[in-house]
Number of protein chains: 2
Amino acid sequence: MSFASKGMAATAQDEAYRAILQDIRSGRYQPGERLIPETIARELAMSRMPVREAFQRLANEGLVLIRPNRGCVVSGLTIDEIYELFEIRSVLEGLAVRLAMPRFDAAALAELDDHVARMHRAGAAGGADWLTKHQEFHAYICGLSRRPKLIAQIAALHIAVEPSMRVWLHHVAQPAHATERQDEVVEAIRTGDAEHAEAVMRDHVLRTAPRLAEFLRKRGQAAGVPSTLPASTQI
Amino acid sequence: MSFASKGMAATAQDEAYRAILQDIRSGRYQPGERLIPETIARELAMSRMPVREAFQRLANEGLVLIRPNRGCVVSGLTIDEIYELFEIRSVLEGLAVRLAMPRFDAAALAELDDHVARMHRAGAAGGADWLTKHQEFHAYICGLSRRPKLIAQIAALHIAVEPSMRVWLHHVAQPAHATERQDEVVEAIRTGDAEHAEAVMRDHVLRTAPRLAEFLRKRGQAAGVPSTLPASTQI
DNA sequence: CTTTGTAATAGTGGATACACTCATACAGAA
DNA sequence: TTCTGTATGAGTGTATCCACTATTACAAAG
């Protein structure tokens with residue numbers, strides 16, 4: 001289930017949130033595109049209000065930008081922002097794998113191998129869901145850390161770069177190429193050395209950034225609408 | 001200005017957000033306390049609606065928990081959650097200081113010393129604003145990393161533990177004791193070794209956790225209302 | 001042809017109204 | 001007395017309405 005939400009929407013607002021999130025992740029709503037509450041509300045057969053509240057949540061997660069009196073646009077990422085997200089993800093996933101190390105017994109390692117195998121299959125099949133399998137691989141490792149907030153933060157980071165990753169994978173990259181790197185991570189975990197595993201994971205995460213960035217630069221994209229921070233937490 | 005928001009509220013919703021956030025940080029709204037939109041709306045001379053949207057934002061930041069049809073409560077942190085937040089903060093601030101290292105010229109180092117001096121003064125005066133000065137110290141270092149999202153995340157973490165920190169500092173701890181540790185960080189920065197500075201910062205951040213946790217355990221507090229993840233980002 | 005002022009329109013933020021859910025208190029049955 | 005069902009009230013979620021803002025198109029002046 002990777003980084004998707006589970007359960008059913010209890011409320012209209014939640015339903016709106018999920019629907020919009022899905023459409024941003026999948027790329028249906030492109031960066032820079034303006035989201036009009038009324039339109040989406042009609043689509044989902046509800047009123048504007050729950051849609052607006054969904055916007056709030058999305059804005060807090062940085063997926064959308066709300067400017068007062070000027071509406072809501074899907075916030076693309078600049079190259080710098082993508083780098084930054086990968087930097088953050090590298091240390092967080094490094095932490096996660098370090099904390100997860102004590103829980104990697106034989107069963108966990110076997111399951112980890114399964115994940116890698118699934119990734120390989122999805123990659124070889126040229127399947128578009130390699131990305132999903134890749135996220136599941138990372139999610140499995142992070143999950144073993146048993147740190148709910150850490151897991152949530154990492155998940156949010158995966159989601160933030162997902163749209164960019166999708167166009168990248170769709171247009172050029174052969175996932176198979178990326179897959180071989182995963183083995184390094186698995187190997188490091190197998191050594192049992194937590195510090196080492198952390199370092200390798202950091203490295204592994206960071207390695208993707210420049211390749212994605214280069215692709216986006218060539219496409220001239222990713223200069224869309226710079227996302228902004230939640231207005232709250234500024235220094 | 002530490003981790004406070006700047007500028008004026010452009011919208012009623014923003015005003016509500018700031019007001020509630022302030023009251024949670026200061027401890028006026030205790031963990032477990034229920035927040036009734038109507039009441040707060042009356043207090044701020046506005047309607048329920050912007051207050052509700054403010055709740056959404058606060059919920060996303062983990063400061064508040066919204067259960068469908070059951071209202072909004074201030075979410076205290078369990079001991080485990082406090083540890084987790086410090087763990088996350090340690091790697092993020094470690095990253096921040098590493099990235100900030102190239103920008104620590106003579107001027108920056110001087111300003112850093114100023115921050116430490118201010119902290120010492122506030123601590124010696126038994127001032128309640130030692131915490132603020134301490135946050136400013138960290139914020140200054142993080143700010144030099146020039147990573148907006150990283151800075152925002154760290155700020156959010158500082159805010160999350162702020163209520164607990166306030167009761168701790170108010171009841172027992174002598175900030176002066178904590179202050180001497182800062183010098184280690186400054187010293188490490190002065191060496192110019194980024195890896196070393198990162199390690200020291202990690203250590204510095206983590207050191208606070210057990211002391212705070214022990215205090216809260218003795219007080220029997222911190223078992224308030226466990227905060228939850230944004231329903232969105234689960235694995 | 002460009003610039004500036006103005007009108008029309010789309011869209012946003014907020015208030016109010018209404019329907020539904022949950023919790024509490026209380027009455028009656030066991 | 002204890003348990004269960006019901007009624008009542010507080011509070012939540014959503015829809016609709018209104019006032020205001022911003023943007024666009026267009027017209028008049030330079």
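Note that the coordinates shown come from a computational prediction; the quantities given were computed from them, not determined experimentally. Proteins come first, then strands; the chains are lettered A, B, ... in the order of their sequence lines, and each starts at number 1.
With respect to the salt-bridge test (charged N to carboxylate O, under 4.0 angstrom), the residues A:Arg28 and A:Glu43 qualify. Under the 4.0 Å criterion applied to side-chain N and carboxylate O atoms, A:Asp14 and A:Arg57 are assigned as salt-bridge partners.
Close approach of DNA chain D to chain B, defined as any atom under 4.0 Å from a non-hydrogen atom of the protein, starts and stops at D:dG11 to D:dA15.
Within residues 40-50 of chain B, the residues having any heavy atom under 4.0 Å from DNA chain C are, by residue number, B:Met46, B:Ser47, B:Arg48, B:Met49, B:Pro50.
Here CZ of A:Arg52 is found 5.5 Å from CE of A:Met49. Values are rounded to the nearest 0.5 Å. For the atom pair CD of B:Glu111 and CD1 of B:Ile141, the computed distance is 11.5 Å after rounding to the nearest 0.5 Å.
Side-chain N/O atoms of B:Tyr29 and B:Gln22 include no donor and acceptor closer than 3.5 Å. Checking B:Glu136 against B:His115 by side-chain atom types alone, no donor-acceptor pair falls below 3.5 Å.
In this structure, A:Ile36 places its CD1 atom 8 Å from C1' of C:dG11, rounding to the nearest Å. What separates CZ of B:Arg70 from C1' of C:dA23 is a distance of 10 Å, to the nearest Å. Following rounding to the nearest Å, B:Arg67 (CZ) and C:dT21 (P) show an atom-to-atom distance of 17 Å.
Scanning all heavy atoms of the two residues, the minimum distance from A:Phe55 to A:Val64 falls at O-CG1, 3.9 Å.
Ring orientation note: the planes of A:His204 and A:His134 are tilted relative to one another, at an angle of 30° to 60°.
At the heavy-atom level, A:Glu38 lies nowhere under 4.0 Å from the strands shown.
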